[in-house]
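Indexing begins at 1, ligand by ligand and atom by atom, following the structure's order. Keep in mind that this is a model prediction, so the values were computed, not measured.
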Amino acid sequence: MATEPPTGDPVQDAPRVEAARHSAAGLPAVAHTLRVAQRQMGLRRTARTLLKVNQKDGFDCPGCAWPEGDERHTAEFCENGAKAVAEEATLRRVTPGFFAAHPVAGLAGRSGYWLGQQGRITQPVYLPEGADRYEPVTWDRAFGIIAEELTALASPDEALFYTSGRTSNEAAFLLQLFAREFGTNNLPDCSNMCHESSGSALTETIGIGKGSVSLEDLHRADLIIVAGQNPGTNHPRMLSALERAKSAGAKIISVNPLPEAGLERFKNPQTARGMLKGTALTDLFLQIRLGGDQALFRLLNKLIIETEGAVDTAFVDGHTHGYEEFARAARAADWDETLTATGLDRTAIEQALALVLASKRTIVCWAMGLTQHKHSVPTIREVVNFLLLRGNIGRPGAGVCPVRGHSNVQGDRTMGIFERPAPAFLDALDKEFGITSPRHHGYDVVRSIQALRDGDAKVFFAMGGNFVAAAPDTDVTEAAMRKARLTVHVSTKLNRSHVVTGTRALILPTLGRTDKDVQAGRRQVVTVEDSMGTVHASRGNLTPASPHLLSEPAIVARLARAVLGPASTTPWEEFGRDYAAIRDRIARVVPGFEDFNTRVAAPGGFALPHAPRDERRFPTATGKANFTAAPVEYPRLPEGRLLLQTLRSHDQYNTTVYGLDDRYRGIKNGRRVVLVNPDDARALGLADGAYTDLVSEWHDGTERRAPGFRVVHYPTARGCAAAYYPETNVLVPLDATADTSNTPAGKSVVIRLETP
Ligand SMILES: Nc1nc2c(c(=O)[nH]1)N[C@H]1C(S)=C(S)[C@@H](COP(=O)(O)OP(=O)(O)OC[C@H]3O[C@@H](n4cnc5c(=O)[nH]c(N)nc54)[C@H](O)[C@@H]3O)O[C@H]1N2
Ligand SMILES: Nc1nc2c(c(=O)[nH]1)N[C@H]1C(S)=C(S)[C@@H](COP(=O)(O)OP(=O)(O)OC[C@H]3O[C@@H](n4cnc5c(=O)[nH]c(N)nc54)[C@H](O)[C@@H]3O)O[C@H]1N2
Ligand SMILES: [Mo]
């Protein structure tokens with residue numbers, strides 16, 4: 001039967017390589033979607049769920065954070081959204097019988113793919129000290145165990161509360177409230193590994209860490225620059241917006257070391273023309289070296305400044321600060337150094353400049369290609385400089401567009417999931433609940449790992465996600481996690497983090513986005529915020545995988561009561577029963593959410609205020625948009641080495657592997673591949689199809705090894721290589737992080753290829 005999980009471990013990594021594709025979506029994507037969905041859900045459930053994705057009366061796709069817009073199609077989802085839904089709505093089940101049959105040590109020998117394929121977890125389970133396998137546990141006992149460990153800590157700061165970005169606003173708000181009432185700001189989240197660099201750079205320069213454009217703006221832009229992002233795989237619905245912009249006359253520049261199929265041509269499955277011919281998207285492809293973006297934008301900025309009439313002086317004079325100092329630094333930009341840093345030729349940069357100067361409305365979109373480098377924050381600040389020069393912020397059709405990953409990662413941050421909360425936020429929280437939140441900062445992801453490693457943190461609680469697989473330096477992270485007294489995971493599916501445990505461990509199974517959530521006899525809705533700051537409701541419609549599941553808000557509410565006891569005056573029971581009551585409190589604590597319950601009832605929801613976009617007001621320290629003038633940095637490679645980026649294949653969602661193909665890049669049936677420019681490979685004596693180890697070299701002299709990768713000759717930029725995460729996280733040193741944001745620098749790892 002199609003919905004049975006595989007029994008053996010099917011990961012026989014035996015990659016086959018075909019020609020890479022030059023277009024994305026189209027018929028193959030539709031066929032692929034239906035095949036994957038049916039395998040997990042069967043035919044009836046496939047139809048029932050896929051028709052509800054991203055509909056105004058349906059649930060928000062648990063895939064990416066791309067917004068839906070007002071005109072929706074009957075099938076408002078993409079191939080990879082459908083895979084995310086199928087993964088959650090699967091009919092496969094992990095029951096107590098499964099845990100009885102599989103000791104944890106055995107599960108730890110399985111691949112993440114195999115673990116994920118086993119299905120939805122149906123009951124809470126507990127791994128007692130010294131036991132070799134998880135056993136069923138009641139919810140009350142589970143909360144009791146957590147309370148026992150938390151109250152035994154010497155300080156609340158020995159506890160860590162991690163959040164992955166699928167959590168609803170309501171659950172996120174409760175979790176941060178609980179953590180602060182308990183007494184800590186240790187609220188690391190996946191954002192620390194994701195768009196933290198964007199948040200850091202934007203808050204300082206424009207006063208708010210979020211993007212400034214709407215879908216409408218994209219449709220109206222003259223020029224869209226997509227830098228360091230692979231939307232064909234990771235935000236497929238963005239291709240429709242790019243197509244629409246193109247048909248209204250926009251130009252698109254892609255800046256990427258890889259030629260990504262989705263940016264070359266989009267075959268829109270919603271239109272007949274799209275299916276047949278498709279739309280060419282990219283007008284100019286800048287095949288940049290990894291980490292060369294700051295140098296590129298700095299030179300473009302110099303060229304703009306040196307072009308008569310190109311700077312929007314009215315905007316610069318009226319709305320910005322620091323222009324003179326920045327302009328001095330920009331004028332000093334050097335062509336030769338830029339060509340070295342970027343690997344581009346002069347003509348390509350001149351073509352880009354021509355498109356930039358011809359545009360009155362420019363948007364820059366980016367994702368992990370800009371955020372996961374040592375110098376990511378200055379790189380993104382340089383993008384801001386670039387947009388400010390020509391007044392491209394706070395004008396229709398123009399602005400910054402950091403494209404978020406997880407479907408509610410932006411909302412979780414808005415709800416206060418942040419280890420460095422603003423004092424004004426804590427003041428409002430304290431006033432509303434009559435508590436005293438700690439004011440000192442907590443740990444982010446990397447510091448949490450260091451704290452576990454050094455014995456400074458002892459309890460790890462995760463609201464979703466797969467911490468040990470997503471975090472860098474796998475061996476160090478896993479060893480750190482094993483030192484914890486207690487590890488707790490609120491999860492839908494099994495993953496690596498459940499089998500790398502502390503002395504005691506709990507798995508608490510929860511409802512997902514697609515599941516119907518009924519509390520005290522009443523159907524509940526949750527809310528999410530998309531990448532463009534629109535907040536809307538989400539309602540699942542499937543019967544939950546098991547009657548034993550609790551919703552995320554119910555779990556936090558019951559946990560909080562178990563830990564804080566009757567002394568807490570927060571109405572946790574009411575919050576667990578009625579999410580509207582949580583929203584009433586959010587409305588009083590978080591600016592922009594006034595009248596939350598009424599406004600979110602409107603189909604499509606409402607847009608949060610964004611001062612730079614709405615009124616060209618910049619709530620920064622200077623009260624203006626800030627130009628910044630950091631020195632230009634780029635990675636320098638020792639002889640015979642390559643710079644590795646760790647990225648996503650088409651068949652995965654972060655650490656969740658759906659399958660072993662990366663269709664657009666022509667890779668089949670395997671994930672242990674390393675893409676290398678053919679000239680570099682030849683210089684290193686490596687034929688296509690050769691096997692090699694990846695050895696990363698860190699400047700403290702330590703080395704890390706990932707064995708057995710098949711070399712694929714691939715047209716990436718010279719000096720650069722690419723391989724999939726999470727397999728390559730063993731190579732990323734814990735200390736290799738971005739300045740200021742502390743985001744792991746997973747897109748610039750110095751490696752050598754070593755044939756054993
Ligand atoms: N199907 C699917 N959808 C997803 C996800 C998923 O795993 N699967 N993950 C979600 C999440 S959490 C996130 S954060 C997003 C991630 O979305 P992306 O950021 O698109 O994901 P990556 O695969 O990391 O791709 C990075 C892209 O940047 C390019 N790049 C790398 N380094 C550089 C550089 O130095 N300069 C430039 N200019 N380009 C560079 C790479 O070649 C690649 O095209 O997607 C979200 N959506
Ligand atoms: N080397 C390298 N490392 C990276 C990256 C990279 O590009 N390179 N990217 C980074 C980025 S951008 C991110 S965002 C992180 C991702 O880090 P995480 O968010 O921690 O990881 P995910 O793989 O998205 O988490 C998947 C798990 O979430 C659980 N889950 C799914 N849905 C739900 C739900 O509705 N509720 C609950 N409670 N649990 C659920 C399932 O058990 C599933 O196994 O990884 C980061 N790590
Ligand atoms: Mo992400």
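- A salt bridge links E79 with K83: the distance from a Lys NZ or Arg NE/NH1/NH2 to an Asp or Glu carboxylate oxygen falls below 4.0 Å.
- Contacts between T655 and ligand 2, counted as non-hydrogen atom pairs separated by less than 4.0 Å, involve both the backbone and the side chain.
- Those atoms of ligand 1 that come under 4.0 Å of a heavy atom in L647, given as number and element, are 23 (O).
- The single protein non-hydrogen atom nearest to atom 20 (O) of ligand 2 is Y162 OH, 2.7 Å, given as residue, atom name and distance.
- When non-hydrogen atoms are compared, ligand 2 lies under 4.0 Å from neither the backbone nor the side chain of H195.
- In this structure a side-chain-to-backbone donor-acceptor pair under 3.5 Å is missing from N256 to P259.
- Put simply, no part of H650 is less than 4.0 Å from ligand 1, judged by heavy atoms.
- Remark: ligand 2 and F467 share no N or O pair separated by less than 3.5 Å (distance only, no angle test).
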Derivation and outcome, side-chain contact (heavy atoms from CB on, under 4.5 Å), residues R447 and N742: CA-CA 9 Å; R447 292 194 180 96; N742 211 26; 3.5 Å; yes
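- In this structure, G746 falls outside the shell of residues with a heavy atom less than 4.0 angstrom from ligand 2.
- Under 4.0 Å from ligand 2, the heavy atoms of N729 that appear belong solely to its side chain.
- For the pair S497 (side chain) and G465 (backbone), a donor-acceptor distance under 3.5 Å is absent.
- Classification of R21 and D662 as a salt-bridged pair fails, no side-chain N sitting under 4.0 Å from a carboxylate O.
- Taking atom 39 (N) of ligand 2 as the reference point, the nearest protein heavy-atom neighbour is G464 CA, 3.3 Å.
- A donor atom on one side chain and an acceptor atom on the other are found under 3.5 Å apart for E88 and T514.
- In this structure, a donor-acceptor pair under 3.5 Å is absent between the side chains of S23 and Y664.
- Of all heavy-atom pairs between G719 and D680, the closest is N-OD2, 2.6 Å.
- Nearest non-hydrogen protein atom to atom 3 (N) of ligand 2 is Y725 CD1, 3.1 Å.
- We find that R672 and E727 are not joined by a salt bridge, their nearest charged nitrogen and carboxylate oxygen being 4.0 Å or further apart.
- Looking only at heavy atoms of the protein, atom 36 (N) of ligand 1 is closest to D293 OD1, 2.7 Å.
- Of the N or O atoms in R289, none lie within a sub-3.5 Å distance of an N or O in ligand 1.
- Checked by distance only, ligand 1 and L258 stay at 3.5 Å or farther apart across all their nitrogen or oxygen atoms.
- On a distance-only criterion, M368 and ligand 1 share at least one N/O pair closer than 3.5 Å.
- Summary of contacts: the protein heavy atom closest to atom 32 (N) of ligand 2 is R166 NH1, 3.0 Å.
- Not one N or O of T510 is nearer than 3.5 Å to an N or O of ligand 2, by distance alone.
- Not one N or O of E88 is nearer than 3.5 Å to an N or O of ligand 2, by distance alone.
- Scanning the protein for heavy atoms near atom 47 (N) of ligand 2, the closest one is A470 O, 2.8 Å.
- Scanning all protein heavy atoms for the shortest distance to atom 42 (O) of ligand 2 gives K493 O, 2.8 Å.
- For ligand 1 and G291, the ligand atoms under 4.0 Å from any heavy atom of the residue are 34 (C), 35 (O).
- The T233 neighbourhood of ligand 1 comprises atoms 1 (N), 2 (C), 3 (N), with distances under 4.0 Å to a heavy atom of that residue.
- Counting the atoms of ligand 1 from 1 in the order shown, those under 4.0 Å from a heavy atom of Q645 are 30 (N), 31 (C), 32 (N), 41 (C), 42 (O).
- Inter-residue side-chain proximity for T487 and H498 is flagged as unmet; no heavy-atom pair is nearer than 4.5 Å.
- Of all protein heavy atoms, the one lying nearest to atom 33 (C) of ligand 1 is G369 O, 3.3 Å.
- Every atom of ligand 1 is numbered from 1 in the order shown, and the set under 4.0 Å from a heavy atom of C194 is 14 (S).
- When the options N234, N654, V226, T716 are ranked by their closest heavy atom to atom 9 (N) of ligand 1, first place goes to N654.
- What sits closest to atom 28 (O) of ligand 1 on the protein, heavy atoms only, is G228 C, 3.1 Å.
- When only interatomic distances are considered, the shortest N/O to N/O separation between V490 and ligand 2 falls below 3.5 Å.
- T371 has its side chain within reach of I380: a pair of non-hydrogen atoms, C-beta onward, lies under 4.5 Å apart.
- With contacts defined as side-chain heavy-atom distances shorter than 4.5 Å, the pair Q410/K210 qualifies.
- Residue-level proximity to ligand 2 for N495 is carried by the side chain, the only part with a heavy atom below 4.0 angstrom.
- With hydrogens left out, the protein atom closest to atom 26 (C) of ligand 1 is K747 CE, 3.7 Å, a heavy atom.
- In this structure, the ring of H489 has its center no less than 6.0 angstrom from the ring center of Y162.
- Here is the list of ligand 1 atoms found below 4.0 Å of a heavy atom in N80: 1 (N).
- Distance from atom 38 (N) of ligand 2 to its nearest protein heavy atom, with residue and atom name: E552 OE2, 2.8 Å.
- Some N or O of R648 is nearer than 3.5 Å to an N or O of ligand 1, by distance alone.
- By the 3.5 Å distance cut-off applied to N or O atoms, H498 is not counted among the residues near ligand 2.
- No N or O atom of T728 sits closer than 3.5 Å to an N or O atom of ligand 2.
- Under 4.0 Å is where a charged nitrogen must lie from a carboxylate oxygen, and between E196 and R413 at least one such pair does.
- Shortest contact from atom 8 (N) of ligand 1 to any protein heavy atom: Q652 O, 2.7 Å.
- The nearest protein atom to atom 10 (C) of ligand 1, hydrogens excluded, is given as Y653 OH, 3.5 Å; this is a heavy-atom distance.
- Counting the atoms of ligand 1 from 1 in the order shown, those under 4.0 Å from a heavy atom of H406 are 12 (S).
- Judged purely by distance below 3.5 Å, without hydrogens or angles, the side chains of E552 and T510 never pair a donor atom with an acceptor atom.
- For H489, no heavy-atom contact with ligand 2 is shorter than 4.0 Å.
- Ligand-side atoms of ligand 1 in range of E260: 42 (O), 43 (C), 44 (O), range being under 4.0 angstrom from any heavy atom.
- Between R513 and ligand 2, no pair of N/O atoms sits closer than 3.5 Å.
- Between F467 and F460, the ring center distance clears the sub-6.0 Å criterion.
- Both the backbone and the side chain of M193 come within 4.0 Å of ligand 2, counting heavy atoms alone.
- Here the heavy atom of the protein found nearest to atom 11 (C) of ligand 1 is G405 CA, 3.2 Å.
- Taking a cutoff of 4.0 Å between a charged side-chain nitrogen and a carboxylate oxygen, E633 and R298 do not qualify as a salt bridge.
- Here the heavy atom of the protein found nearest to atom 41 (C) of ligand 2 is T492 OG1, 3.5 Å.
- Aromatic ring pairs are classed by plane angle as parallel below 30°, tilted from 30° to 60° and perpendicular above 60°; the pair F161 and F461 is tilted.
- With G165, G540, S191, G512 as candidates, the residue nearest to atom 35 (O) of ligand 2 on a non-hydrogen basis is G512.
- In terms of protein heavy atoms, atom 15 (C) of ligand 1 is closest to H235 CE1, 3.6 Å.
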